[in-house]
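The structure appears below as structure tokens.
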Amino acid sequence: GENVEQHPSTLSVQEGDSAVIKCTYSDSASNYFPWYKQELGKRPQLIIDIRSNVGEKKDQRIAVTLNKTAKHFSLHITETQPEDSAVYFCAALYNTNAGKSTFGDGTTLTVKP
Amino acid sequence: DAGITQSPRHKVTETGTPVTLRCHQTENHRYMYWYRQDPGHGLRLIHYSYGVKDTDKGEVSDGYSVSRSKTEDFLLTLESATSSQTSVYFCAIISGPGSYEQYFGPGTRLTVT
């Protein structure tokens with residue numbers, strides 16, 4: 001089955017700096033890569049996603065890049081703010097018919113004011 | 001929130017007792033999923049459903065069963081709860097045909113003593 005590794009597990013940045021979280025996946029058939037943000041005690045919420053036919057996608061301060069050859073994708077957050085502090089999860093969809101995804105173990109991002 | 005609710009939101013139960021968690025959705029989504037979330041493990045798929053009476057196992061299905069007798073309800077049952085099943089359980093749906101975007105319910109915190 002699919003295996004997704006996420007790094008780093010914790011990340012601390014100063015407000016205004018950029019943050020980068022990286023994920024690698026094992027199944028070359030995976031074709032959809034979402035990122036979720038989970039605040040303490042809340043549900044995971046989709047913040048951005050990318051499909052395998054696209055190399056980069058941007059939404060305001062958030063961007064995701066995908067390298068299919070190397071089988072890795074990254075989340076980039078620019079001009080970080082304290083409200084960006086949360087746990088971020090990447091995922092890879094490996095079964096299109098059933099919508100089955102494998103998640104990374106999460107990155108706890110702390111943005112210090 | 002894609003019209004997803006979970007009940008109960010919190011439950012404490014004793015080892016060996018049966019427990020049923022309910023996921024209810026109001027928007028006629030075909031695909032529904034049950035995940036568990038534990039510290040350091042991200043989200044792991046327990047079971048999923050692709051229609052009424054159509055279900056299949058995920059990566060951590062041992063000790064769990066599911067049922068879906070109508071589109072709006074997806075039930076997760078722990079036949080005989082164990083302490084290792086103490087976790088936060090999230091239900092999720094995929095938003096529509098041709099979409100892979102997952103939306104999560106608010107979660108159920110289950111403690112098995």
Side-chain angles (χ1 to χ4, degrees), chain A residues 1-10 21 23-27 29-54 57 59 64 66 73 86-108, chain B residues 1-7 9-10 21 23-25 29-51 54-61 66 68 74 87-109:
Chain A
E2 175 66 280
N3 182 52
V4 175
E5 294 189 358
Q6 183 172 345
H7 299 280
S9 56
T10 60
I21 303 170
C23 289
T24 60
Y25 62 99
S26 60
D27 190 342
S30 292
N31 60 0
Y32 172 72
F33 307 93
W35 286 90
Y36 295 86
K37 175 184 181 182
Q38 187 178 28
E39 297 175 346
L40 190 62
K42 305 286 188 179
R43 73 190 79 189
Q45 293 197 303
L46 179 71
I47 55 171
I48 196 168
D49 56 14
I50 192 168
R51 300 203 179 201
S52 58
N53 58 348
V54 175
K57 184 177 179 181
D59 183 4
V64 57
L66 171 65
F73 56 110
V87 180
Y88 292 81
F89 294 96
C90 63
L93 177 75
Y94 66 92
N95 185 322
T96 304
N97 290 336
K100 292 170 71 173
S101 297
T102 296
F103 285 76
D105 289 341
T107 296
T108 300
Chain B
D1 295 343
I4 308 169
T5 58
Q6 292 184 231
S7 59
R9 296 292 314 281
H10 302 271
L21 309 183
C23 178
H24 179 78
Q25 51 115 344
H29 298 294
R30 178 183 174 191
Y31 290 92
M32 299 183 75
Y33 306 81
W34 276 109
Y35 291 91
R36 62 177 288 173
Q37 184 175 37
D38 305 293
H41 286 283
L43 291 146
R44 292 183 289 174
L45 182 64
I46 305 171
H47 282 278
Y48 69 100
S49 170
Y50 47 97
D54 292 323
T55 64
D56 204 351
K57 296 178 180 180
E59 60 181 306
V60 291
S61 59
V66 290
R68 193 168 178 200
F74 191 30
S87 187
V88 179
Y89 292 86
F90 286 100
C91 174
I93 58 92
I94 283 184
S95 59
S99 170
Y100 301 140
E101 298 173 8
Q102 281 200 335
Y103 293 91
F104 289 85
T108 294
R109 182 173 295 277

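In the text below, chain A, chain B and the rest are named by the order of the sequence lines, each starting its count at 1.
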Check your understanding: Measuring from Gln102(B):CD to Leu93(A):CG, what's the distance to the nearest 0.5 Å?
Key -> 8.0 Å

**Study point:** Distance (rounded to the nearest 0.5 Å) between Leu43(B) CG and Asp105(A) CG
**Key:** 10.0 Å

Point to revise | Test log, rule side chain to side chain contact (heavy atoms under 4.5 Å, CB included), inputs Phe89(A) and Gln37(B) | key: CA-CA 12 Å; Phe89(A) 294 96; Gln37(B) 184 175 37; 3.2 Å; yes

Study note, to complete from the structure: Rounding to 0.5 Å, atoms OG (Ser101(A)) and OH (Tyr35(B)) come to a distance of 5.0 Å

Point to revise | Nearest-0.5 Å distance, CZ of residue Phe104(B) to OH of residue Tyr36(A) | key: 5.0 Å

Review point. Heavy-atom count around Arg109(B) CZ within 6.0 Å, excluding the residue itself: above 12?
Key: no

Practice item. Name the region of Gln6(A), side chain, backbone, both or neither, that has any atom closer than 4.5 Å to a heavy atom of chain B. Key: neither

Practice item. Let me know if Leu45(B) has heavy atoms under 4.5 Å from chain A in its side chain, its backbone, both or neither. Key: side chain

Review point. Which atoms form the tightest heavy-atom contact between Phe90(B) and Lys42(A), and what is the distance?
Key: CZ-O, 3.9 Å

Check your understanding: Tell me, side chain or backbone of Pro34(A) under 4.5 Å from chain B's heavy atoms, or both, or neither?
Key -> neither

Check your understanding: At a heavy-atom separation under 4.5 Å, does Tyr50(B) approach chain A through its side chain, its backbone, both, or neither?
Key -> neither

Practice item. Evaluate side chain to side chain contact (heavy atoms under 4.5 Å, CB included) for Tyr103(B) paired with Arg43(A), printing each intermediate quantity in order. Key: CA-CA 9 Å; Tyr103(B) 293 91; Arg43(A) 73 190 79 189; over 6 Å; no

